[in-house]
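Position 1 is the first residue of the sequence, and the numbers go up from there. Note: hydrogens, waters and symmetry copies are ignored here, and every other heavy atom, side chains too, is used.
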Amino acid sequence: NALLIPMKRGKKLLGLFGVSNKPGGFASRDREIVERFSGLAMTNLSGVAAKLALEQSEHRYRTLVETTKTSVMVMQNGNYVFTNPAGCELLGYDRPEELMGRSALESIVPEQREMIRERFARVADGHTNPPILIGILRRDQTERIIESTSMPITLHGEDAALLVGHDVSSRLETERRLEESRENYRAIAENSPNALIVHRDNLIVYANEKTAKLVGYDSAKALKGRNVKNFLLPDSEETTDVRAETLERGAPAVSFEAIK
């Protein structure tokens, strides 16, 4: 003989709790006792399941933090207590252990330290800081620019700050060089002795001052948005169309046009 009690979570059957081989069979009192034991077993199983789920969640989070290219660091009482490999590399250290216990402010360029103190104070008050650009000092005292945000967390039952950032130094340098190149091109175009026009679908998007003087306008800005064909003699329009088709095919085109 056997007495089996279903173990359920909601409507889902997780298993059976049972006893068997009682001489003389099972009475209603036996069922009550077995149900109590099954409840205890169910509680223990739920605890084990929750622990396993937590461990799996922590493992996934740890894997994400350890493999991301974004710097993830934790600060308590003003000092680093955790960094992932990306944070370690960002500051120029070989191992995360070398950063433990170091002051976070020492990693900030001097001119921004007071502002960073204020941000740390906001985190201590429970606020999340919006992303900003921060200059940091690496181990070799070279500088990098990062985009960083910080937010309050709890670590081992104590208040802490989560610092998240990524290096934007290369992007900013590329943007600086691009803007410098644009300025150089603009200076060359503006000071050119030749008339220069850029048009798209026959509408002028750029003209230098030499062009404005050539067609009798006071400034180059007044030409923007006008149809370039309005400044050509009728005999030159067909030549312009042929040249545009040649350029669209990726071939160089040279022509002489008469303006009015």
Fill in the blank from the handout: Separation between OG1 (Thr154) and CG (Leu162), nearest 0.5 Å, reads 11.5 Å

Completion exercise
Distance col, row Glu179:CD vs Arg177:CZ, nearest 0.5 angstrom, shows 14.5 Å

Practice task
Return the set of residues passing side-chain hydrogen bond (donor to acceptor under 3.5 Å, both in side chains) with Asp140 (not counting sequence neighbours), or none when no residue passes.
Solution key: Thr142

Completion exercise
To the nearest 0.5 Å, atom NE2 of His166 lies from atom OG1 of Thr70 at 7.0 Å

Handout entry: Pairwise distance CD1(Ile136) to CG(Asp167) - rounded to 0.5 angstrom
Key = 6.5 Å

Exercise for the section: Could you state whether Phe120 and Ile134 fall into the same hydrophobic cluster, counting links through intermediate Ile, Leu, Val, Met, Phe, Trp or Tyr residues with side-chain heavy atoms under 4.5 angstrom apart? Expected result: yes

Problem - N-O pairing of Glu180 and Arg176 below 4.0 Å - result: yes

Practice task
Check the hydrophobic clustering (I, L, V, M, F, W, Y; side-chain heavy atoms under 4.5 Å; chains of links allowed) and say if Val164 and Ile108 are grouped together.
Solution key: no

Exercise for the section: Step by step, work out the side-chain contact (heavy atoms from CB on, under 4.5 Å) result for Lys213 and Asp218. Expected result: CA-CA 7 Å; Lys213 292 179 181 179; Asp218 294 331; over 6 Å; no

Exercise for the section: Indicate, with yes or no, if Ile145 and Leu137 share a hydrophobic cluster defined by side-chain heavy-atom contacts under 4.5 Å among Ile, Leu, Val, Met, Phe, Trp and Tyr. Expected result: no

Practice task
Please answer: with hydrophobic residues joined when any side-chain heavy atoms are less than 4.5 Å apart, are Val72 and Leu163 in the same cluster?
Solution key: no

Practice task
Answer whether the closest heavy-atom distance between the side chains of Leu203 and Val228 falls below 4.5 Å.
Solution key: no

Problem - Heavy-atom side-chain contact between Tyr93 and Arg138 under 4.5 Å - result: no

Practice task
Starting at SG of Cys88, measure out to CG of Asp94 and round the result to the nearest 0.5 Å.
Solution key: 7.0 Å

Exercise for the section: Evaluate the side-chain contact (heavy atoms from CB on, under 4.5 Å) criterion for residues Val168 and Ile146: first the C-alpha distance (whole Å), next the side-chain angles of each, then the deciding distance (0.1 Å), finally the verdict. Expected result: CA-CA 5 Å; Val168 295; Ile146 65 169; 5.6 Å; no

Exercise for the section: Report yes if the side chains of Thr211 and Tyr217 come closer than 4.5 Å at any heavy-atom pair, otherwise no. Expected result: no

Practice task
Give every residue pair that meets the side-chain hydrogen bond (donor to acceptor under 3.5 Å, both in side chains) criterion with at least one member in residues 101-124, sequence neighbours excluded.
Solution key: Tyr80-Ser107, Glu114-Arg117, Arg122-Asn129

Handout entry: Any His127 side-chain heavy atom under 4.5 Å of Met151 side chain
Key = no

Problem - Pair Asn184-Ser181, side-chain donor/acceptor within less than 3.5 Å - result: no

Exercise for the section: May I ask you to test the Ser148-Ile132 pair for a side-chain heavy-atom distance under 4.5 Å? Expected result: no

Exercise for the section: Kindly compute the distance separating CZ (Arg95) from OG1 (Thr83), expressed to the nearest 0.5 Å. Expected result: 13.0 Å

Handout entry: Single-linkage hydrophobic cluster, 4.5 Å side-chain cutoff, Val123 and Leu155 together
Key = no

